[in-house]
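The structure appears right after this line, and notes come after that.
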Amino acid sequence: MKEHKASPLSDYIEYPEKEMIERSERFYADIKRRHSIRQFSNRSVPQVIIENCIKAAGTAPNGANHQPWQFVAIHSSDVKKQVREQAELHEQGFYAGRAGEEWLEALQPLGTDAQKPYLEHAPWLIAIFSQKKGGTNTGDKHTNYYVHESVGIATGFLITALHNAGLVTLTHTPKPMSFLSKICARPDDERPYMLLIAGYPDENATVPEHAKQKKSLEEICTFL
Ligand code: IYR
């Protein structure tokens with residue numbers, strides 16, 4: 001490697017192989033219980049939990065460590081109402097035909113429609129923005145690299161962290177999402193990436209049978 005400033009890896013933990021197997025099994029058993037939920041309770045969730053989960057997301061690997069993301073955690077009822085109104089407006093067009101027949105057919109087993117009451121009822125919406133320009137220091141205006149990959153991984157960390165904390169989530173990607181930039185007052189060089197809904201499940205929450213159908217290891221993985 002070329003010369004660069006570095007410090008020793010001091011927080012790595014090596015587990016005995018048996019424990020590694022157990023840990024990998026336990027993690028799989030736990031993450032298997034994560035489901036996208038569309039029926040949320042309006043029970044409140046302390047902000048510190050959301051803060052900790054976003055801090056976890058902020059540790060994701062990313063291009064040149066520019067951390068090309070911004071998380072807007074929305075708790076305000078007024079802002080949530082605006083998001084719901086705008087999202088439903090766009091979704092109405094989507095479900096009325098913009099999606100096209102094939103897409104609507106693919107969504108049929110999920111039971112989704114243009115109504116998004118959870119955007120108002122869930123305690124937290126987290127709007128995730130990607131930054132084309134930036135740098136390791138806030139305010140930098142350098143080029144960012146692998147922005148989509150970086151923000152995607154951070155979003156995965158966030159979903160996992162929220163699940164680990166005991167909350168449920170829904171990834172929502174209304175199309176177009178530009179209204180989120182306006183509502184969240186984000187600058188032009190940031191793009192809305194995804195909207196996460198987070199909270200407790202409604203006591204009658206359901207999981208579509210379709211969503212439980214996971215491909216087997218043999219189907220998703222090849223060992224060479
Ligand atoms: N954004 C729409 C449609 C939708 C699209 C996909 I792909 C999904 O997996 C689920 C929904 C909506 O939220 O209803």
Side-chain angles (χ1 to χ4, degrees), residues 31-42 45 50 57 69-77 79-130 147-163 167-184 186 190-202 204-216 219-220:
I31 203 68
K32 235 170 93 168
R33 298 187 303 100
R34 186 214 60 84
H35 308 287
S36 291
I37 292 299
R38 294 181 177 82
Q39 296 116 321
F40 281 80
S41 153
N42 61 6
V45 169
I50 303 301
W69 43 61
Q70 179 69 208
F71 301 89
V72 179
I74 305 168
H75 184 58
S76 153
S77 305
V79 179
K80 283 192 279 186
K81 188 162 181 270
Q82 291 177 49
V83 172
R84 179 184 179 181
E85 278 171 7
Q86 288 293 313
E88 286 187 341
L89 204 67
H90 291 302
E91 296 292 0
Q92 274 155 19
F94 175 87
Y95 283 96
R98 191 160 37 82
E101 213 174 296
E102 188 182 357
W103 197 344
L104 290 181
E105 213 169 283
L107 293 178
Q108 190 275 331
L110 295 175
T112 56
D113 60 24
Q115 298 298 109
K116 309 292 176 197
Y118 43 77
L119 291 176
E120 229 178 315
H121 298 154
W124 291 98
L125 306 180
I126 307 173
I128 302 157
F129 294 86
S130 63
V147 172
H148 254 74
E149 292 83 348
S150 302
V151 181
I153 297 168
T155 301
F157 273 34
L158 180 55
I159 293 167
T160 307
L162 290 162
H163 169 75
L167 297 172
V168 297
T169 56
L170 178 67
T171 48
H172 185 45
T173 49
K175 239 180 164 182
M177 266 194 293
S178 40
F179 69 88
L180 282 176
S181 302
K182 251 201 190 137
I183 294 176
C184 300
R186 298 313 303 170
E190 276 182 17
R191 289 271 166 277
Y193 182 80
M194 191 171 281
L195 183 62
L196 270 192
I197 296 101
Y200 290 101
D202 181 88
N204 299 314
T206 57
V207 180
E209 286 300 324
H210 176 75
K212 288 191 184 166
Q213 193 186 313
K214 299 300 180 200
K215 289 180 180 168
S216 68
E219 287 172 290
I220 65 170

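Note that these values count all heavy atoms, side chains included, but never hydrogens, waters or copies made by symmetry. Both ligands and their constituent atoms are indexed starting at 1 by order of listing.
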Quiz prompt | Element-labelled atoms of ligand 1 that are located less than 4.0 Å from some non-hydrogen atom of Lys116 | solution = 12 (C), 13 (O), 14 (O)
Quiz item: Would you call the rings of Tyr193 and His148 parallel, tilted or perpendicular if under 30° counts as parallel and over 60° as perpendicular?
Solution: perpendicular
Quiz item: Looking only at heavy atoms, which two atoms of Ala127 and Cys184 are closest? And how far apart?
Solution: CB-SG, 4.1 Å
Under 3.5 Å, sequence neighbours excluded: what are the donor-acceptor pairs made by side chains of residues 99-115?
{"unit_1": "Thr112", "atom_1": "OG1", "unit_2": "Tyr95", "atom_2": "OH", "d": "2.7"}
{"unit_1": "Asp113", "atom_1": "OD1", "unit_2": "Gln115", "atom_2": "N", "d": "2.9"}

Practice problem: Quick one: list whatever passes side chain to side chain donor-acceptor pair (under 3.5 Å) with Gln70, sequence neighbours left out. | Solution: none
Exercise. May I ask you to list the atoms of ligand 1 that are less than 4.0 angstrom from any heavy atom of Tyr95?
Key: 2 (C), 3 (C), 12 (C), 14 (O)
Practice problem: Pull out every atom of ligand 1 sitting under 4.0 Å from any heavy atom of Phe94, numbered as shown with elements. | Solution: 3 (C)
Quiz prompt | Sole candidate of Leu170, Asn204, Thr206 that passes side chain to side chain contact (heavy atoms under 4.5 Å, CB included) when paired with Gln39 | solution = Thr206
Quiz prompt | Thr173 neighbourhood, listing ligand 1 atoms whose heavy-atom distance to it stays under 4.0 Å | solution = 1 (N)
Quiz prompt | Polar contact flag for Glu91 and ligand 1 (N/O pairs, less than 3.5 Å) | solution = yes
Quiz prompt | For Leu107, atoms of ligand 1 separated by under 4.0 Å from a heavy atom | solution = 3 (C), 4 (C), 5 (C), 6 (C), 8 (C), 9 (O), 10 (C), 11 (C)
Quiz prompt | Derivation of the side-chain contact (heavy atoms from CB on, under 4.5 Å) call for Leu180 and Phe129 | solution = CA-CA 9 Å; Leu180 282 176; Phe129 294 86; 4.2 Å; yes
Quiz prompt | N or O pair under 3.5 Å between Arg38 and ligand 1 | solution = no
Quiz item: Quick one: nearest non-hydrogen protein atom to atom 7 (I) of ligand 1, plus distance?
Solution: Trp103 NE1, 3.5 Å
